[in-house]
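The block underneath contains the structure these notes are about, expressed in structure tokens.
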Number of protein chains: 2
Amino acid sequence: MREARLALLAGAPFLHGLSPEELRAVAGLATERTLRARQVLFREGDEADALFLVLGGRMKLTQSDSDGREVIVRIVGPGGLLAAVSAFANTTFPATAQAVESTTVLSWPREALPELFRRVPVLALNAMETLSERMREMQERFRELATERVTRRIARALLRLVREAGRRVEDGVLIDVALSRRDLAELTGTTLFTVSRVLSEWEAEGIVKSSRQRVVVRSPHALVAIAEDLPPIGSTRR
Amino acid sequence: MREARLALLAGAPFLHGLSPEELRAVAGLATERTLRARQVLFREGDEADALFLVLGGRMKLTQSDSDGREVIVRIVGPGGLLAAVSAFANTTFPATAQAVESTTVLSWPREALPELFRRVPVLALNAMETLSERMREMQERFRELATERVTRRIARALLRLVREAGRRVEDGVLIDVALSRRDLAELTGTTLFTVSRVLSEWEAEGIVKSSRQRVVVRSPHALVAIAEDLPPIGSTRR
DNA sequence: CGTGCCCTTGAAGATCTTCAAACGCAGTGG
DNA sequence: CCACTGCGTTTGAAGATCTTCAAGGGCACG
């Protein structure tokens, strides 16, 4: 069990390149915590006092504006870092972190980080790589939101989810996170109604099969065609 | 001249906290380059082989999708870092950097960075802080784009520009960068037509005064009211 | 077996884009 | 000096896309 755990940790990009001893030491400084589904780990605006690593389950990071409209900034699964920003800047959390399902996280208090980075410098590098990667993804989604139609954005979001949380099942790839239509809308910058309509349409075409908080992608290929605007056959031009 | 230059460098967040000797040494490893207006420094997808610091002038970072629609990811003025991502990750530039006006940049080749960070560790910290700050801004703009109407987004963009490139003039604050309606549209995720209409309307209300590639904000207060949706007087509710 | 949440679908309409046409200023070349 | 040309801008009109609101269905869970 303890060994399985170490293997899990070694798989996290943040802890990549650490020796088993280092791994044990770093893990030893962390606190483990399990959240129930829908439980909140931290809120946007709170003092960023810790760095988190997801061990199992999924967290969603959301921002909301003054009117209460929410946006999902990111969904983080096993091995993912949460609040990487707190590792380097002395600020507040830029988003709210909520468990989508039962989720276990490790946390390192902010004060412990400098010492940690001093003893295991590669950790700082790993965290920065994560941050860079994330920046890239955020920019990409920003561009999508600015230039693309809803349909394409939903296709892309599903493809990303397939990549990050896909599980092969009988009739396609199941997105193995319980996401409501509303969640998908908040991921893509639209409304739950539009998501519902688009999914219904795709269901009729045999591209996906969806039910309550569940989507199975039957034909990823078709989604790619929509995302990239490769007209499948007889599609109306832009 | 050389002294003025050092003072300029010391003002850049990236070089904050360095002693004059360190400053000289770090600057000594950099190459200076001046770009004409509209000249391209690097392109999205090129190998990220250097880190840049803007000394004078302004660069705009853009992404474009497969159809050629462009988005302005960021505008960087004096003291700002460019391609901070290349400092830590071994990848390609995530955006294209083009000079808005005549612009001077310092550049450090990627290979020189590890040595640089070893000798002056605070540089790495500074770069990360910049990256964190940027991440925060990007997330904020993402949320805006997802949840807010065009009018508000334009108001916010102008306010940001006032903060970053504002210069007091007789009748208000001039945004001291030559930005076309198209540029403003690409900053806010809309079309140049909509930007033009909104500016015309605001001009009629005395909030701004705009001409060719030029905007003077006469009443920042009114823009804040629009951005925050504090109904000024008799506004139609959302 | 009810109750609540999530989802679907329709209809109406707001917002924003698209396209077309024309203006005006700046710089160029005659 | 002036006309020419190009680019950035303005404005109108038409219409696509997406949101909003309302109503109802269905599945899961207590």
Side-chain angles (χ1 to χ4, degrees), chain A residues 36-38 65 67-71 100-101 144-155 157 175 177-205 208-216 226 229 235-238, chain B residues 36-38 60 65 67-72 100-101 144-155 157 175 177-205 208-216 226 229 235-238:
Chain A
R36 295 182 309 278
R38 314 198 51 179
D65 66 7
D67 298 350
R69 281 204 54 167
E70 282 203 349
V71 169
V100 176
E101 58 203 52
E144 285 174 20
L145 202 48
T147 66
E148 295 176 356
R149 301 265 118 106
V150 170
T151 313
R152 261 213 233 187
R153 302 204 304 264
I154 298 176
I175 290 171
V177 203
L179 292 178
S180 66
R181 300 294 180 266
R182 167 176 283 275
D183 288 325
L184 287 174
E186 289 174 355
L187 262 175
T188 50
T190 181
T191 63
L192 73 101
F193 306 100
T194 301
V195 170
S196 177
R197 272 183 249 273
V198 170
L199 288 185
S200 295
E201 202 178 306
W202 287 346
E203 178 123 26
E205 295 169 17
V208 304
K209 190 164 169 344
S210 67
S211 51
R212 184 176 245 240
Q213 303 198 338
R214 226 179 95 99
V215 178
V216 175
I226 292 165
D229 197 23
S235 75
T236 56
R237 292 302 319 179
R238 177 172 342 140
Chain B
R36 295 182 309 279
R38 314 198 50 177
K60 72 175 177 188
D65 66 8
D67 297 351
R69 282 203 54 168
E70 283 203 347
V71 170
I72 298 183
V100 176
E101 58 202 51
E144 285 174 21
L145 203 48
T147 66
E148 294 177 357
R149 302 267 118 105
V150 171
T151 313
R152 260 213 234 187
R153 303 205 303 265
I154 298 176
I175 290 171
V177 204
L179 292 178
S180 66
R181 301 293 180 269
R182 168 177 282 276
D183 288 325
L184 286 173
E186 288 175 356
L187 262 176
T188 50
T190 180
T191 64
L192 72 102
F193 305 100
T194 302
V195 170
S196 178
R197 273 183 248 274
V198 170
L199 288 185
S200 295
E201 202 178 307
W202 286 347
E203 177 124 26
E205 295 170 17
V208 304
K209 189 163 169 345
S210 67
S211 52
R212 187 177 244 239
Q213 303 197 337
R214 227 179 94 98
V215 178
V216 175
I226 292 164
D229 196 23
S235 75
T236 56
R237 292 301 319 180
R238 177 173 346 142

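Proteins get letters first, then strands, A, B, ... in listed order; numbering begins at 1 in each. Every heavy atom of this structure was used, including side-chain atoms; hydrogens, water molecules and symmetry mates were not.
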Query raised in the report: Checking only heavy atoms, does the side chain of Arg182(A) share a donor-acceptor pair with the base of dC6(C) at less than 3.5 Å?
Result: no

Query raised in the report: Under the 3.5 Å rule, do the base of dC16(C) and the side chain of Arg149(B) count as making a donor-acceptor pair?
Result: no

Mind calculating the distance between [atom1] ([X]) and [atom2] ([N]) to the nearest angstrom?
X: Ile154(B); N: dT17(C); atom1: CD1; atom2: C1'; value: 13 Å
X: Leu184(A); N: dT8(C); atom1: CG; atom2: C1'; value: 15 Å
X: Glu201(B); N: dG12(D); atom1: CD; atom2: C1'; value: 15 Å
X: Gln213(B); N: dG6(D); atom1: CD; atom2: C1'; value: 13 Å
X: Lys209(B); N: dT9(D); atom1: NZ; atom2: P; value: 15 Å
X: Glu148(B); N: dT19(D); atom1: CD; atom2: P; value: 15 Å
X: Arg38(A); N: dC6(C); atom1: CZ; atom2: C1'; value: 12 Å
X: Leu199(B); N: dT11(D); atom1: CG; atom2: C1'; value: 14 Å

Requested in this report: For the pair Arg38(B) (side chain) and Val100(B) (backbone), establish whether a donor and an acceptor sit closer than 3.5 Å, ignoring hydrogens and angles.
Outcome: no

Requested in this report: Without swapping roles, check the side chain of Ser200(A) against the backbone of Ser196(A) for a donor-acceptor pair under 3.5 Å.
Outcome: yes

Report task. Just call it for Arg181(B): base, sugar-phosphate, or nothing, with non-hydrogen atoms closer than 4.0 Å on any strand. Result -> sugar-phosphate

Report task. Report the C-alpha separation of Glu203(B) and Lys209(B) in whole Å, then their side-chain angles, then the decisive distance to 0.1 Å, and conclude whether the side-chain contact (heavy atoms from CB on, under 4.5 Å) test is met. Result -> CA-CA 5 Å; Glu203(B) 177 124 26; Lys209(B) 189 163 169 345; 3.7 Å; yes

Query raised in the report: Is the shortest distance from a Lys or Arg side-chain nitrogen in Arg182(A) or Glu186(A) to a carboxylate oxygen in the other one below 4.0 Å?
Result: yes

Query raised in the report: Between Arg181(B) and Thr191(B), is any side-chain donor less than 3.5 angstrom from a side-chain acceptor?
Result: no

Query raised in the report: When rounded to the nearest 0.5 angstrom, what distance separates CG in Leu145(B) from OG1 in Thr188(B)?
Result: 8.5 Å

**Report entry** Pairwise distance CD1(Ile72(B)) to CG(Asp183(B)) - rounded to 0.5 angstrom
**Finding:** 4.5 Å

**Report entry** Stretch residues 185-197 of chain A: residues that reach within less than 4.0 Å of DNA chain C through a heavy atom
**Finding:** Leu192(A), Phe193(A), Ser196(A), Arg197(A)

